[in-house]
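Here is the structure we will look at, set down as structure tokens.
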Amino acid sequence: MNPVDLARPEIRALQPYSSARMEAPSGDVWLNANESPWPPLGGGNGWNRYPDPRPAALTERLAKLYCVEPDQMLIGRGSDEGIDLLVRAFCAAGRDAILISPPTFGMYATCARVQGAAIVEAPLDAEFKLDVDAVLAATTPAVKLVFVCSPNNPAGADVPRAEILRLAAALEKRALLVVDEAYVEFSDPQGDGGSVVDCVGKFANLVVLRTLSKAWALAGVRVGSVLADARVIALLRKIMPPYPLPVPCVEAALRALSSDGERTMRERVALTRSERRRMRDELAKLGCVGEVLPSQTNFLAVRFADAGAASAALLAAGVVVRDVRRYPRLGDALRVSIGTPAENDRVLETLRCLSVASERMGLPA
Ligand SMILES: *Cc1c(COP(=O)(O)O)cnc(C)c1O
């Protein structure tokens with residue numbers, strides 16, 4: 001089955017905008033794009049020119065990193081742009097829907113609302129695990145995209161690979177399965193999770209989102225990838241803005257993706273994992289902490305006796321964490337990113353003081 005058959009007919013029929021840069025054959029005097037012929041003010045090699053719409057070196061490097069063919073990959077401004085493009089290409093306003101499993105990353109629903117697409121929910125179970133049968137039961141014909149965040153933000157658990165593949169097979173001909181792997185680098189190598197990017201060729205309806213924002217320490221550079229069947233990628237390219245990637249961002253990404261960069265990334269991921277274990281053990285001992293949810297990510301979702309008081313105490317110590325109390329079944333929780341060991345120590349110290357203070361207040365006079 002051609003997965004593009006699920007897309008909006010008007011997008012399938014769309015003649016994309018053709019930019020000056022795309023139409024440029026060769027030559028050394030470029031007078032076709034109304035650019036400035038002079039060097040950029042403030043420096044930057046070639047920044048007076050529009051960027052390459054498909055930067056070859058970065059495409060090659062990322063395709064190698066994710067083990068896909070270059071035509072199975074689209075690089076955009078973070079995976080956020082990938083989510084937006086998918087929703088716009090596959091969901092007609094007022095007719096189609098996406099499916100999400102709350103609690104989950106907020107951008108899926110936000111993009112759907114902007115597009116005027118409906119949102120169908122099949123919540124995670126009581127242990128924050130994906131309920132594949134509930135997802136399948138909720139996938140009505142209107143649902144074109146099923147979003148699975150694995151490992152999950154904000155809860156932290158991943159979905160076993162076998163479950164993802166069962167879902168992909170069952171959704172074939174019905175919907176695209178979009179697996180958001182923003183945190184997959186942090187998952188335990190011995191676990192049953194891990195990336196499903198190797199299955200992109202096997203399931204025409206499988207889409208994987210990856211990003212340089214988390215493990216690669218490049219959130220400010222905005223580089224994320226959509227990995228999917230080449231026909232899906234070609235469709236998304238049609239609606240992508242003509243010059244998606246700024247030249248300095250491409251250069252920064254290529255520098256980070258060097259073999260030195262990759263080694264450092266792996267060392268930091270290992271340190272993050274060991275700090276995650278340490279934080280989980282230490283936090284669980286504190287009186288103010290109710291529960292630390294298991295995590296395969298670079299953060300911990302932590303339940304508190306009084307999350308408001310914990311958040312205030314941390315803020316008073318200069319530590320900003322994410323309040324996730326608005327999410328279903330996380331009404332008493334904060335999400336704490338794993339920082340450097342010294343930053344993590346500050347969190348522990350602050351919460352130890354809070355625990356001691358509240359124990360004292362609990363004592364009879
Ligand atoms: C951080 C995050 C992203 C955003 O990634 P960008 O590549 O920075 O846009 C995507 N999905 C999830 C689940 C995230 O937590």
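When a ligand or atom number is given, it counts from 1 through the structure's own listing order.
Under a cut-off of 6.0 angstrom, the local environment of CZ in Phe186 is crowded, with over 12 non-hydrogen atoms contributed by other residues, nucleotides or ligands.
A salt bridge links Arg222 and Asp80; the closest N-O separation between the charged side-chain nitrogens and carboxylate oxygens is under 4.0 Å. Between Glu60 and Lys64 there is no salt bridge, since no side-chain nitrogen of the basic residue lies less than 4.0 Å from a carboxylate oxygen of the acidic one.
The aromatic rings of Tyr183 and Phe299 sit perpendicular, their planes meeting at an angle over 60°, well past the 30° parallel limit.
Judged by distance alone, the side chains of Arg335 and Asn153 do bring a donor and an acceptor atom under 3.5 Å apart.
Side-chain atoms of Arg329 come within 3.5 Å of backbone N or O of Leu124 as a donor-acceptor pair.
Closer than 4.0 angstrom to ligand 1 sit non-hydrogen atoms from Gly78, Ser79, Asp80, Phe105, Cys149, Asn153, Asp180, Ala182, Tyr183, Thr211, Ser213, Lys214, Arg222.
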